[in-house]
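Data first, discussion second: the structure below is written as structure tokens.
In this chain, numbering begins with 1 at the start of the sequence shown.
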Amino acid sequence: MVATGFPAFDTTVDKTNRLLKEIEDAYGWPKERRKQSYAALRAVLHQLRDRLTVDEAVQFGAQLPMLVRGVYYEGWRPAETPVKMHSEEFFQRIRHDFPYSVQGGTEQLVHTVLEALQRHISAGEWDDLRGRMPADLVTVIPA
């Protein structure tokens with residue numbers, strides 16, 4: 001655990017590191033590739049956030065660890081959401097924001113990141129997320 005001297009910060013740094021490690025473990029990436037796991041998390045969070053309505057995005061964001069919540073809201077333009085996009089465009093946007101090659105492709109990356117996130121979100125909020133996504137995108141969101 002990181003020691004910042006402020007318990008709330010220590011906790012959020014620890015939760016964020018665990019989330020990033022879960023992504024790294026799924027791919028067998030060493031900790032030295034932390035920039036890559038962060039880029040994956042950020043890319044998926046931003047496109048997910050932009051696809052949701054403002055109310056849905058806020059409800060989902062409230063469940064995230066404090067540090068991850070900051071990443072989630074970075075650069076958000078609520079007046080421009082939701083962005084209606086089909087699954088191909090959703091994956092293209094993530095690919096654009098994630099400049100690394102990854103085993104299994106972008107769809108697998110999204111699934112892996114969402115599996116890690118699911119462990120940090122309440123079951124009720126996760127069900128709400130799945131229920132609000134279009135049919136062509138809900139298939140990538142773990143049940």
N/O donor-acceptor pair under 3.5 Å between Y100 side chain and S37 backbone | no
Can you get from V68 to Y38 by hopping between Ile, Leu, Val, Met, Phe, Trp and Tyr side chains that sit under 4.5 Å apart?
-> yes
F60 versus L45, closest heavy-atom pair with distance | CE2-CD2, 4.2 Å
Once you round to the nearest 0.5 Å, how far does CE of M133 lie from CZ of F90?
-> 5.0 Å
Compare all side-chain heavy atoms of L48 with those of L114 and state whether any distance is below 4.5 angstrom.
-> yes
More than 12 heavy atoms of other residues, nucleotides or ligands under 6.0 Å from CD of Q108: is that the case?
-> yes
Keeping the roles fixed (side chain from Y27, backbone from L109), state whether a donor-acceptor pair exists under 3.5 Å.
-> yes
Salt bridge check: are R18 and D14 linked by an N-O gap of less than 4.0 Å?
-> yes
Check whether any side-chain heavy atom of F98 lies under 4.5 Å from a side-chain heavy atom of R42, and answer yes or no.
-> no
Does the side chain of V58 reach to within under 4.5 Å of the side chain of L52, using non-hydrogen atoms?
-> no
Does Q92 offer a backbone N or O that forms a donor-acceptor pair with the side chain of Q47 under 3.5 Å?
-> no
Is L19 reachable from M66 through a run of hydrophobic residues whose side-chain heavy atoms are each under 4.5 Å from the next?
-> no
For the side chain of R130 and the backbone of I141, is there at least one donor-acceptor N/O pair under 3.5 Å apart?
-> yes
Cut-off 3.5 Å, side chains only: do T53 and E56 have a donor facing an acceptor?
-> yes
Give the minimum heavy-atom separation between L64 and R69, together with the two atoms involved.
-> O-NH2, 2.8 Å
Between the main-chain N or O of W76 and the side-chain N or O of H46, is there a donor-acceptor pair closer than 3.5 Å?
-> no
Correct closest heavy-atom pair for R51 and M85 would be NE-O, 3.7 Å
Atom pair NE2/CZ of H86 and F91 - distance to nearest 0.5 Å | 11.5 Å
Got a salt bridge between R34 and E24, using NZ or NE/NH1/NH2 to carboxylate O under 4.0 Å?
-> yes
Separation between CD of E22 and CZ of R119, rounded to the nearest 0.5 Å | 4.0 Å
Without swapping roles, check the side chain of Q63 against the backbone of S122 for a donor-acceptor pair under 3.5 Å.
-> yes
Side chains of V83 and R93: does their closest heavy-atom pair fall under 4.5 Å?
-> yes
Could you tell me whether the side chain of V13 reaches within less than 4.5 Å of the side chain of F6, counting heavy atoms only?
-> no
Return yes when atom CZ of F9 has more than 12 non-hydrogen atoms of other residues, nucleotides or ligands closer than 6.0 Å, and no otherwise.
-> no
Rounded to the nearest 0.5 Å, the NZ atom of K21 sits from the OG1 atom of T16 at a distance of 15.0 Å
If you look at every heavy atom in D10 and G5, which pair is closest and at what distance?
-> OD1-N, 3.7 Å
Looking only at heavy atoms, what is the nearest atom pair of A143 and Q118, with distance?
-> O-NE2, 3.0 Å
How long is the span from the CG atom in L137 to the CD atom in E89, to the nearest 0.5 Å?
-> 10.0 Å
Counting distance only, does the side-chain N/O of T12 pair as donor-acceptor with the main-chain N or O of L67 below 3.5 Å?
-> yes
Test item: I23 and Q36 side chains (from C-beta on) under 4.5 Å apart, heavy atoms = no
